[in-house]
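Structure first, then comments.
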Amino acid sequence: MRTKPITDEDRELIAEAEALLKKLHVPGRHRCSAAVRASSGEIYTGINLITGGQADVHSEPVALGRAVMAGDDEIETSVAVIYRDDDSSNPMEVVSACGVCRELYDTFAPDVDVVVPGDDGPIKAPLSELLPAKGTL
């Protein structure tokens, strides 16, 4: 997988997602937060909404929606974080965007870089590296 180095801006993005989760975490209700950076440099955050049913909303669409609402829809970088085991006594960790969120980015931010967990800490990968090959059968 092609990756890019984590920058100070990426560390700031991770810190923003962590700060939001620290503030709003409720086990079983708000367990993941995300932050996206637009090409303007602005950071938009989002928290997930767990209903226990089909109405669950992931944190990445919330953050993306906030950017779009602000007219800032050229997203450069995204990250999501959780507390391990949904327990705030555990450390936070970067998690990879799920398949649904990757599809969302493919539609609304196809050039986004996504911060994902790596062997020695977070790494950054272009969305294209995280999606299956597209084509016709």
Side-chain angles (χ1 to χ4, degrees):
M1 174 169 63
R2 279 184 313 122
T3 62
K4 299 176 181 181
I6 293 290
T7 65
D8 287 341
E9 286 183 330
D10 298 329
R11 285 185 266 286
E12 176 188 17
L13 196 64
I14 294 167
E16 290 286 331
E18 289 175 339
L20 182 66
L21 187 58
K22 183 177 182 178
K23 177 181 176 183
L24 297 178
H25 177 255
V26 175
R29 188 171 176 100
H30 305 302
R31 73 176 300 252
C32 182
S33 65
V36 298
R37 176 180 295 100
S39 60
S40 68
E42 288 295 317
I43 294 174
Y44 300 91
T45 57
I47 193 81
N48 74 324
L49 308 169
I50 299 172
T51 66
Q54 292 182 339
D56 288 356
V57 179
H58 295 188
S59 57
E60 293 94 334
V62 175
L64 178 61
R66 290 185 67 208
V68 169
M69 287 172 54
D72 210 1
D73 61 355
E74 290 184 29
I75 305 303
E76 292 184 343
T77 310
S78 172
V79 67
V81 299
I82 63 169
Y83 281 111
R84 188 176 309 133
D85 299 322
D86 200 16
D87 181 346
S88 62
S89 68
N90 289 330
M92 287 188 215
E93 54 190 29
V94 168
V95 292
S96 185
C98 74
V100 172
C101 291
R102 292 175 192 190
E103 287 181 30
L104 178 80
Y105 284 143
D106 192 40
T107 300
F108 291 97
D111 297 322
V112 70
D113 289 328
V114 182
V115 178
V116 297
D119 292 338
D120 298 317
I123 58 173
K124 185 168 60 175
L127 178 65
S128 61
E129 292 290 318
L130 303 174
L131 292 171
K134 290 184 178 180
T136 58
L137 296 174

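Contact of the Arg37 side chain with the Glu12 side chain is registered, since non-hydrogen atoms from C-beta on lie closer than 4.5 Å. By the 4.5 Å heavy-atom criterion applied to side chains, Ile47 and Val62 are not counted as neighbours. Residues Leu64 and Ile75 are in side-chain contact: their nearest non-hydrogen atoms beyond the backbone lie under 4.5 Å apart. Residues Thr77 and Glu9 form no side-chain contact, since every pair of their non-hydrogen atoms from C-beta on lies 4.5 Å or further apart.
A single hydrophobic cluster is not seen to contain both Ile50 and Val81; linkage of ILVMFWY side chains at heavy-atom distances under 4.5 Å, directly or through other members, places them apart. Two different hydrophobic clusters hold Val36 and Val94 under the rule that ILVMFWY side chains link at heavy-atom gaps under 4.5 Å. Cluster membership check: Leu127 shares its hydrophobic cluster with Val68, using side-chain heavy-atom separations under 4.5 Å among Ile, Leu, Val, Met, Phe, Trp and Tyr. Both Val79 and Tyr83 belong to a common hydrophobic cluster when Ile, Leu, Val, Met, Phe, Trp and Tyr are linked at side-chain heavy-atom distances under 4.5 angstrom.
A side chain to side chain donor-acceptor pair (under 3.5 Å) check over residues 111-122, counting only residues at least two apart or in different chains, returns the pairs Lys4-Asp113.
Residues Pro122 and Val115 share a closest heavy-atom pair of CB-CG1, 3.7 Å. Of all the heavy atoms in Ser40 and Asp72, the pair that sits closest is OG-OD2, 2.5 Å. Taking every heavy atom of both residues into account, Ile43 and Ala35 meet most closely at CG2-CB, 4.1 Å. Contact detail for Arg102 and Ser96: the closest heavy-atom pair is NH2-OG, 2.6 Å. Between Ala80 and Glu60 the shortest heavy-atom distance is CB-OE2, 3.4 Å. Nearest heavy atom pair, residue Ile6 against residue Arg11, reads CG2-NH1, 3.3 Å.
By the side chain to side chain contact (heavy atoms under 4.5 Å, CB included) test, Ser89 is found to be paired with Asp87, residues two or more places apart in sequence or in another chain being considered. Val100 pairs by the side chain to side chain contact (heavy atoms under 4.5 Å, CB included) definition with Cys98, not counting sequence neighbours. For Ile123, the side chain to side chain contact (heavy atoms under 4.5 Å, CB included) partners at least two apart in sequence or on another chain are Met1, Thr3, Val116.
Without hydrogens or angle criteria, Asp10 side chain to Thr7 main chain gives a donor-acceptor distance under 3.5 Å.
Taking Ile, Leu, Val, Met, Phe, Trp and Tyr as hydrophobic and joining them when side-chain heavy atoms fall under 4.5 Å apart, one finds Val95 in a cluster with Ile82.
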In a table with atom names and distances, give each donor-acceptor pair under 3.5 Å that connects a side chain of residues 19-33 to protein atoms at least two apart or in another chain.
residue: His25; atom: NE2; partner: Asp86; partner atom: OD1; Å: 2.8
residue: His30; atom: ND1; partner: Asn48; partner atom: O; Å: 2.8
residue: Ser33; atom: OG; partner: Ala17; partner atom: O; Å: 2.5

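Atom CG of residue Asp106 and atom OG of residue Ser128 lie 9.5 Å apart, to the nearest 0.5 angstrom.
Counting heavy-atom neighbours within 6.0 Å of Glu129 CD, excluding the residue itself, gives a total above 12.
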